[in-house]
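In what follows, a single structure is set out as structure tokens and then discussed.
Order of appearance sets the numbers: ligands from 1, and atoms from 1 within every ligand.
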Amino acid sequence: MDKFVVRGQNPLLGTIKVSGAKNSALPCMAAAILTENEVILENIPQVRDIETERKLLSSMGAEVELGYGRAQHRTRIKCGILSDPVAKYEIVKTMRASSLVLGPLIARTGIARVAMPGGCAIGDRPIDLHIKGLEAMGATINYDHGYLEARSPNNGSGQLKGAHVVFDKITVTGTEDLLMAAALADGESLFENCAREPEVTDLAALLNAMGAKIEGAGTGTIRIKGVSKLHGARHKINPDRIEAGTFLIAGAITGGDLNVDGLNPAHFGALIAKLEECGVKLDLGADHIRVRSSGAANLEAADISTEEYPGFPTDMQAQYMALATQFEGTSVVTENIFENRFMHVGELNRMGANITVQGRTATVRGKTPLQSAAVMCSDLRASASLVLAALVADGETILDRVYHIDRGYERIEEKLRGVGAQIRRMGDVFGKK
Ligand code: EPZ
């Protein structure tokens with residue numbers, strides 16, 4: 001298993017490029033199920049979850065070509081015939097977002113068999129709201145030995161029906177899954193209390209380019225006029241606002257002068273306001289943000305509370321906590337979205353941080369000089385927070401299980417090295433026993 005070795009205390013200087021958004025690419029790849037024609041997606045990040053999605057779609061009979069060389073961020077998908085509309089457990093267990101094929105499969109083929117996603121490091125993460133919405137559209141869904149067995153009306157031969165759905169809770173992939181189902185449903189659907197994340201808007205843009213009739217994506221209320229058929233399209237995926245946010249904090253925590261390039265500043269709402277509240281200098285350009293700080297020690301402590309978009313993103317909570325260990329003063333971090341998203345706390349404390357957790361609240365007492373240590377990655381964003389901590393720690397930190405970070409960050413060590421970080425990937429550092 002790969003590890004990272006990071007020698008800390010180098011300010012990051014220069015320009016770092018942002019890749020396409022993993023959380024846009026996954027639903028957009030699933031959307032290709034809705035048509036027999038070719039869908040071409042540009043700006044696809046080269047991360048492990050995309051490879052898993054490719055395996056998932058190919059296992060169902062789709063032709064999926066991940067580009068390489070100059071076209072390495074282009075993906076061509078053709079779901080001409082879906083010979084085996086089953087999302088197998090072996091694949092689903094490695095990536096929860098596999099549940100995003102449920103709606104499109106029922107809408108396109110009338111039948112879907114999708115392995116139930118099991119538990120997850122950051123929380124239970126049920127998909128009951130996906131199921132409830134699809135049932136409102138006329139699907140029958142049964143549980144069969146760890147799988148969801150779903151059929152459209154008339155035992156899978158009929159079309160889903162347009163429906164009025166009010167989500168009990170805001171759910172990103174729930175909104176996306178139902179959006180894809182409703183695009184090919186018979187009649188009009190009205191969805192309320194929807195997720196407003198830019199990834200939802202990005203998916204809706206692709207679906208409309210495929211011939212769907214969707215209005216209101218990006219707001220809490222979305223209207224969809226179902227159509228009988230969708231066609232192929234070409235679409236460029238949004239830049240990854242979470243990868244970009246991670247780099248903004250890397251610039252702030254190392255006391256660097258970093259230009260984070262290839263992003264959409266409009267996607268950062270609460271994160272920008274919070275970093276400026278702490279005293280981080282940010283210059284916003286049309287597609288880049290320059291971050292400057294003379295080191296986190298001169299930054300003010302500030303509390304955060306994670307919310308649905310446009311509130312402070314839960315996917316930035318761990319990275320912000322790493323920064324808060326370097327503030328003068330105490331910051332309170334409240335996690336409102338997931339019930340178990342403090343896996344990074346124990347590892348940060350191993351590096352010398354002073355963080356206590358009570359339920360969904362963590363209290364970070366700064367400033368605590370961080371020391372190098374051997375630490376363990378546990379989930380995608382927790383791993384990013386450990387990389388950030390290692391960038392300011394004295395000495396060499398060894399991060400184990402970096403496969404977690406490869407799920408959602410494209411060659412992060414090369415990108416950081418390009419702006420002055422001392423970080424390298426090692427195969428089995430200690431060698432087989
Ligand atoms: C998406 O997950 C993202 N994943 C997550 O990013 C992100 O943390 C999350 O949205 C919140 O922003 C992708 O887009 C692939 P939710 P999702 O459904 O859709 C509860 C990362 O780091 N809920 O919005 O699975 C759920 O348990 C990942 O890139 C139900 O109760 O999250 C949670 O508490 C991690 N029933 C809350 O809603 C449901 O049917 C929000 O979850 C669905 C969700």
Side-chain angles (χ1 to χ4, degrees), residues 19-31 45 47-50 52-53 56 92 94-103 114 116-136 141 148 165-180 191 193-203 220 237-238 240-246 267 269-271 306-320 335-341 343-344 360 377-385 404-410 412:
S19 297
K22 165 185 78 81
N23 291 347
S24 269
L26 295 172
C28 286
M29 289 175 77
V47 296
R48 261 176 1 101
D49 276 8
I50 297 299
T52 307
E53 183 88 356
L56 178 64
V92 172
T94 63
M95 183 181 72
R96 307 182 52 73
S98 310
S99 55
L100 277 166
V101 300
L102 185 59
V114 173
M116 296 279 292
C120 167
I122 64 177
D124 288 351
R125 302 184 74 181
I127 57 168
D128 56 316
L129 301 176
H130 299 228
I131 294 166
K132 200 172 164 195
L134 290 166
E135 287 174 336
I141 299 185
L148 289 173
V165 174
V166 182
F167 288 99
D168 301 342
K169 205 173 177 176
I170 292 177
T171 160
V172 176
T173 50
T175 302
E176 293 165 345
D177 201 8
L178 295 195
L179 212 48
M180 291 188 272
F191 295 163
N193 200 27
C194 299
R196 294 181 276 167
E197 271 68 3
E199 294 74 37
V200 174
T201 314
D202 206 12
L203 171 67
I237 299 289
N238 271 354
D240 196 320
R241 63 192 171 97
I242 305 299
E243 181 197 26
T246 304
H267 291 168
L271 179 64
T306 63
E307 310 289 344
E308 294 87 3
Y309 189 86
F312 193 96
T314 173
D315 293 349
M316 285 301 304
Q317 176 258 99
Q319 299 92 314
Y320 182 84
E335 174 55 55
N336 294 312
I337 307 295
F338 293 110
E339 61 274 21
N340 183 33
R341 202 165 204 182
M343 300 287 279
H344 39 287
R360 291 198 181 208
C377 298
S378 53
D379 64 77
L380 173 59
R381 308 305 172 183
S383 320
S385 118
H404 284 290
I405 209 166
D406 291 337
R407 289 192 54 180
Y409 290 86
E410 180 175 328
I412 190 169

Do His404 and Asp379 have side-chain N/O donor and acceptor atoms under 3.5 Å apart? no
Taking distance alone, with N or O pairs closer than 3.5 Å, would you say Glu176 contacts ligand 1? no
Just one of Thr314, Asp315, Ile405 clears the side-chain contact (heavy atoms from CB on, under 4.5 Å) bar with Arg381, so which one? Asp315
If only atom types and distance count, is the side chain of Asn238 paired as donor or acceptor with the main-chain N or O of Ala21 below 3.5 Å? no
Would you check the N or O atoms of Pro126, main chain and side chain alike, for any that come under 3.5 Å of an N or O of ligand 1? yes
Donor-acceptor pair between Thr246 and Gln319 side chains, under 3.5 angstrom: yes
Counting each atom of ligand 1 from 1 as listed, which ones have a heavy atom of Lys22 under 4.0 Å away? 21 (C), 29 (O)
Scanning both residues in full, the closest heavy-atom pair of Pro45 with Glu410 reads CA-OE1, 3.4 Å
For Ile337, counting its heavy atoms only, list the atoms of ligand 1 lying under 4.0 Å from any of them. 33 (C), 34 (O), 41 (C)
Does ligand 1 have a heavy atom under 4.0 Å from the side chain of Val172, from its backbone, from both, or from neither? both
Any donor-acceptor N/O pair, Ser24 side chain to Ile237 backbone, under 3.5 Å: no
For Ala30 and Val101 the tightest heavy-atom approach is CB-CG1, 4.3 Å
Output for pair (Arg125 CZ, Phe338 CZ), nearest 0.5 Å, gives 4.0 Å
Honestly, for Glu199 the part within reach of ligand 1 (heavy atoms, under 4.0 Å) is neither
Could you tell me the residue and atom name of the protein heavy atom closest to atom 6 (O) of ligand 1, and the distance to it rounded to 0.1 Å? Asp315 OD2, 3.0 Å
For atom 18 (O) of ligand 1, what's the nearest protein heavy atom and its distance? Thr171 OG1, 2.6 Å
I want to know if ligand 1 touches Ala97 in the polar sense, i.e. an N/O pair below 3.5 angstrom. no
Short N/O distance, under 3.5 Å, between Leu129 and ligand 1? yes
Distance filter under 4.0 Å to Thr314 heavy atoms, resulting ligand 1 atoms: 8 (O), 11 (C), 12 (O)
Please list the nearest protein heavy atom to atom 4 (N) of ligand 1 with its residue and the distance rounded to 0.1 Å. Asn23 ND2, 3.7 Å
What protein heavy atom lies closest to atom 22 (O) of ligand 1? Include the residue and the distance to one decimal. Arg381 NE, 2.8 Å
Nearest 0.5 Å, what's the CZ-CD1 distance between Arg341 and Ile122? 4.0 Å
Of Leu203, Thr171, Asn23, the one forming a side-chain contact (heavy atoms from CB on, under 4.5 Å) with Glu176 is Leu203
Using salt bridge (charged side-chain N to carboxylate O under 4.0 Å, His left out), reason through Asp49 and Arg407 one step at a time and then give a plain yes or no. CA-CA 5 Å; Asp49 276 8; Arg407 289 192 54 180; 2.7 Å; yes
Test item: Asp124 side-chain N/O and Pro126 main-chain N/O as donor-acceptor pair under 3.5 Å: no
Which of the numbered atoms in ligand 1 are under 4.0 angstrom from any heavy atom belonging to Arg341? 8 (O), 22 (O), 35 (C)
How does Ile131 reach ligand 1, by side chain, by backbone, by both or by neither, if only non-hydrogen atoms under 4.0 Å count? neither
Selection from Asp240, Asp128, Ile127 by shortest heavy-atom distance to atom 36 (N) of ligand 1: Asp128
Does the N or O separation between Thr173 and ligand 1 drop below 3.5 Å for any pair? yes
For ligand 1, is there an N or O atom under 3.5 Å from any N or O atom of Glu197? no
Give the residue, atom name and distance (to 0.1 Å) of the protein heavy atom nearest atom 26 (C) of ligand 1. Phe338 CE2, 4.2 Å
With atoms numbered from 1 as shown, which atoms in ligand 1 lie under 4.0 angstrom from a non-hydrogen atom of His130? 40 (O)
Which heavy atom in Ser19 sits nearest to a heavy atom in Glu243, and how many Å separate them? N-OE1, 2.7 Å
Under 4.0 Å, heavy-atom basis, I'd like to know which part of Arg125 is in contact with ligand 1: side chain, backbone, both or neither. both
